[in-house]
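Order of appearance sets the numbers: ligands from 1, and atoms from 1 within every ligand.
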Amino acid sequence: MCNFLSFGFQIPDFFSKENLRLCEKGCGLNLCSDSCENSLNHIKECKILRDLHLQKYDDFCSVLYENFTPIRSLLLNDADKEVISCLIAHDREEHGHEIDTLKKKLGFQFKEDDENFLKNVCRALDANAFEVALGCETSPSSVKGLYPLGSLANHSCVPNTMHVFNEKREMIVKAAVFIPKNSEIFHSYTRIIWGTITRLFHLHNTKHFICKCPRCKDPKEFGTYMSAILCKLCKGVIIPVNQYKAFGKWQCQDCKNVIAGKEIGELMSLLGSILRDIRNDDFPFMYRFLQGKLKSVVPEYNQVTVELKYKIVWILGYKSGYSWNELSLEQLRIKEDICQELLLLLEKLRCGQSKMRGLLLYELFCCKREITTRTNGRKQGNVKKITQRNCIQKENVLGFFFQANPNIEALFSEAASILEYDITAPMEIKTYRK
Ligand SMILES: C[S@@+](CC[C@H](N)C(=O)[O-])C[C@H]1O[C@@H](n2cnc3c(N)ncnc32)[C@H](O)[C@@H]1O
């Protein structure tokens, strides 16, 4: 378990701007109440802000909020400041721009020592901070957190650990695969379902290194061809000749047709923009696109296809008009198939007990439960009668369901074990573990 250095900043969603008012002492922050204004936490940061001579601010100073996190680091004690100074920090010019923005847009005046410290905090945050997921896949929200111990691990696209955050926002790191003694511990700094080109680009741009992990080095991406497209001439797969060369040539594995990287880049950005523009509850369009155009231009595990399938997982069963009991049997089977395909992909990618595996196993369980309940009405009716007759608690209904359907229990148990401690785990899993 890794503890965090607490100086992050979040405007909770439940505060609408109308319920906030400016601090009467003139620090520029919006507050929710008098007790908030008189709280020790606010009194300390209020003084820091006023000492910085905030000159220009309006009723809701978004520039201040967007760049506020490093300012709070001035409240850290000396030991914590020392910890930050020990962390690796990105030294490129662009890191630390938050402090320049605060000076330029809000007229902040920093003492020279403070400015150097704050820029270093920004650089350390950029190099080490974790995204702490608080919401779930259907209602995402997150904050950034600095976990000095957790941040010591380097990255691999075949990570041997997974991590989750608990109710206290502590980071729990678990082995995702068997880790032999004396092996290096790796996290993944990217999404598992990105293709190699996207991951390499992201890691280079944000963390400034070139990943040489086994997955990045394999042009076939462990047989998934997640970055590949289909050849217009023979429908073979086209992959980069050298994935480390930006805008290098790509070549068809079958007919050896060569394509310029620029052309591939244009196709991928077109597909990416279609993906971004699709309404996030437009299942009919997504499914038509998946089965039609997309299938004709990219192989089955291309990252755009995978991303789209993952989006569908969070529509069916959750979005308005697609709640579990509104889904047709056909839609349930579609979701079941997608979950199975994505689980197979994760196995090919050697991700072990990843968080995504846990979530997909649970979704697969939900599909199977719904299908079983509908197609096996008599048995389920019996479960319902037994539970009603014996006044069984809601949580125990699951136990009865497992007794009647032991083959489905394994999916739920594995999901529950992977998502143990995770604050974002599905409610049913959280209730079950209590
Ligand atoms: C959170 S730190 C990881 C710990 C760091 N190696 C240290 O010594 O404190 C992130 C930085 O470590 C380096 N790094 C992490 N994974 C790497 C990898 N697979 N290859 C090369 N550099 C890596 C990069 O400089 C990256 O910006």
Side-chain angles (χ1 to χ4, degrees), residues 1-8 69-70 73 76 79-99 117-133 142-165 169-177 179-180 182-219 221-222 224 226-227 240 242-246 349-352 354-355:
M1 188 203 295
C2 311
N3 283 314
F4 56 92
L5 282 184
S6 174
F7 61 93
T69 300
S73 67
L76 292 174
D80 284 346
K81 284 184 179 171
E82 176 74 21
V83 170
I84 294 194
S85 70
C86 294
L87 294 175
I88 203 165
H90 289 322
D91 54 8
R92 290 197 188 182
E93 197 55 30
E94 70 259 31
H95 298 287
H97 68 86
E98 295 85 349
I99 305 307
F117 170 71
L118 287 170
K119 284 209 168 175
N120 193 49
V121 167
C122 295
R123 291 172 180 147
L125 279 171
D126 289 345
N128 299 283
F130 286 87
E131 184 162 8
V132 184
S142 64
V143 291
K144 284 209 163 171
L146 198 51
Y147 294 79
L149 182 58
S151 73
L152 291 180
N154 280 332
H155 161 89
S156 168
C157 305
V158 202
N160 49 16
T161 64
M162 62 85 85
H163 59 264
V164 296
F165 298 92
R169 296 195 192 171
E170 291 158 334
M171 180 180 180
I172 315 289
V173 181
K174 296 197 275 187
V177 292
I179 306 179
N182 294 331
S183 327
E184 183 171 351
I185 300 284
F186 290 108
H187 293 312
S188 170
Y189 301 174
T190 71
R191 289 195 74 199
I192 292 177
I193 55 170
W194 285 349
T196 295
I197 303 299
T198 309
R199 294 192 319 280
L200 282 173
F201 182 78
H202 174 81
L203 291 168
H204 185 253
N205 264 1
T206 61
K207 303 289 176 188
H208 313 307
F209 69 91
I210 293 166
C211 184
K212 294 278 173 59
C213 77
R215 187 173 160 197
C216 285
K217 282 203 281 192
D218 178 3
E221 309 189 36
F222 294 164
T224 63
M226 288 190 76
S227 309
N242 176 357
Q243 61 275 30
Y244 288 107
K245 195 167 170 202
L349 295 176
R350 307 174 196 169
C351 296
S354 63
K355 175 166 173 171

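For ligand 1, the atoms lying closer than 4.0 Å to a non-hydrogen atom of H90 are 27 (O). Atom numbering of ligand 1 starts at 1 in the shown order; those under 4.0 Å from a heavy atom of L152 are 4 (C).
Taking atom 11 (C) of ligand 1 as the reference point, the nearest protein heavy-atom neighbour is I88 CG2, 4.2 Å. Atom 12 (O) of ligand 1 has N154 OD1, 3.6 Å as its closest protein atom, hydrogens excluded (heavy atom only). The closest protein non-hydrogen atom to atom 24 (C) of ligand 1 is F209 CD2, 3.5 Å. Nearest protein heavy-atom contact of atom 1 (C) of ligand 1 is S151 O, 3.0 Å. The protein atom (non-hydrogen) at minimum distance from atom 10 (C) of ligand 1 is Y189 OH, 3.4 Å.
Side-chain contact between T161 and I179: present, with at least one pair of heavy atoms (C-beta onward) separated by less than 4.5 Å. Between H155 and R199, the closest side-chain pair of non-hydrogen atoms is not below 4.5 Å.
In this structure, S156 has no heavy atom closer than 4.0 Å to ligand 1. A153 counts as a contact of ligand 1, since one of its heavy atoms falls under 4.0 Å from the ligand.
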Steps toward side chain to side chain contact (heavy atoms under 4.5 Å, CB included) verdict (H202, Y189): CA-CA 9 Å; H202 174 81; Y189 301 174; 5.7 Å; no
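For K207, a nitrogen or oxygen atom sits less than 3.5 Å from a nitrogen or oxygen atom of ligand 1, counting backbone and side chain alike. For ligand 1, the polar-atom distance check against N128 finds no nitrogen or oxygen pair separated by under 3.5 Å.
Although no hydrogens or angles enter the test, the distance criterion places no donor-acceptor pair under 3.5 Å between the side chain of S142 and the main chain of E131. The backbone N or O of F186 lies less than 3.5 Å from a partner atom in the side chain of N160, making a donor-acceptor pair.
With rounding to the nearest 0.5 angstrom, the SG atom of C216 is 7.0 Å from the CG atom of L203.
Contacts of C211 with ligand 1, taken as heavy-atom pairs under 4.0 Å, are absent altogether.
Distances from atom 19 (N) of ligand 1 to the heavy atoms of H155, H208, K212 show the closest one on H155.
Each of H95, H97, H208, K207 was compared with D126 under the side chain to side chain donor-acceptor pair (under 3.5 Å) criterion, and only H95 meets it.
For H163 and Y147, the gap between ring centers reaches or exceeds 6.0 Å.
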